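One-based numbering along the sequence shown. These numbers were taken from a predicted model, which means no experiment stands behind them. Basis for what follows: all heavy atoms, side chains included, without hydrogens, waters or symmetry-related copies.
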Amino acid sequence: MAAGALGALVAALETHRGRDRAVRALCYGCQLAGAALPGPAGLPGGLLAASAQLSACRTALRLFDDLAMLRHSCSYGLGPEVSAAPGRGPGGPCAAALPHVPFPQGEDALVRALSVLCNVANQLYYPCEHLAWAADVGIVRAGSQQWWRRSTALWGCALLLGILRSLRILFQLRRKLSQHKCSTSSPQSQQKLRAQVKAEVLSILMETADLSNAIHWLPPGFLWAGKFPPWLVGLLGTISSLIGIYQASRGANSEDA
């Protein structure tokens, strides 16, 4: 059993998305621990420095995510009859890129519209972040802060759209589950619906944590922008990262089954 778990971990770390999830969790974990420990020097300072370097590493690796997001957006289009992951591409700066439980979307225009808008926001996010990064390293002559603000705002919009989409799907699933309880549907069918409800609830929790951080990184004056202590940013990011890893592992187990 231990050998199987080790093999699954190694297989996940050998993929770009799997390694990104691990680096993300480590990044936020270091920030949480570094901010929670007393004293700015020594181990706390080292953990915060490690968190900053891991975050910069993820930013550089996202330079290659545009085409993957574009393929996802083109594949989804305006909404297929059945979609395994509508609106969920490579994601924004802290996205866990979790696989979604298949759910039929062919008859619900609202879910399709939210998914398309989410794809658009994610697609626009990447060039804004790339320009901000290029300005920081001196490749282009532009003010990086405005591009960082735009990329963060687009990421926040994508997260908000994802939350609304999950709430809509959750409402449909619960209504469908109530109908199944009043019918003679099989226990397997009800169990599958409950698994889908759980997946959407976890998605809402994950994206709400990320949205809270996204708002914190916006310019001061908007809601709670700039008011989170470092430990809270690390805590929310760690929670989101662990949920994403759990969802990804559940998706991989379902595919293996």
Visitor: Could you tell me which residues satisfy side-chain contact (heavy atoms from CB on, under 4.5 Å) with Q53, sequence neighbours excluded, listed by chain and number?
Guide: none

Visitor: Transitive ILVMFWY cluster of W133 at side-chain heavy atoms under 4.5 Å: who else is in it?
Guide: L63, F64, V137, I139, V140

Visitor: Other than F171, which residues form its hydrophobic cluster under the rule that side-chain heavy atoms must be closer than 4.5 Å?
Guide: none

Visitor: Who are the side-chain contact (heavy atoms from CB on, under 4.5 Å) partners of V197, not counting sequence neighbours?
Guide: L170, L173, R174, V201

Visitor: With sequence neighbours left out, write down each residue that passes salt bridge (Lys or Arg N to Asp or Glu O under 4.0 Å) with R168, or none if nothing qualifies.
Guide: D108

Visitor: To the nearest 0.5 Å, how far apart are SG in C57 and CZ in R24?
Guide: 14.0 Å

Visitor: Using the test side chain to side chain donor-acceptor pair (under 3.5 Å), find all partners of S144 that sit at least two apart in sequence or belong to another chain.
Guide: D136

Visitor: What pairs with L124 under side-chain contact (heavy atoms from CB on, under 4.5 Å), at least two apart in sequence or on another chain?
Guide: V120, L154

Visitor: Applying ring pair (Phe, Tyr, Trp, His ring centres under 6.0 Å), can you list everything that pairs with H216, at least two apart in sequence or on another chain?
Guide: F228

Visitor: Please go through L47's hydrophobic cluster and name the other residues, only I, L, V, M, F, W, Y counting, with side-chain heavy atoms under 4.5 Å joining them.
Guide: L37, L43

Visitor: For S212, what residues pass the side chain to side chain donor-acceptor pair (under 3.5 Å) criterion, not counting sequence neighbours?
Guide: none

Visitor: With sequence neighbours excluded, what pairs up with P127 under the side-chain contact (heavy atoms from CB on, under 4.5 Å) test?
Guide: D66

Visitor: Give the other cluster members for L13, using side-chain heavy-atom distances under 4.5 Å between Ile, Leu, Val, Met, Phe, Trp and Tyr residues; answer none if it is isolated.
Guide: L9

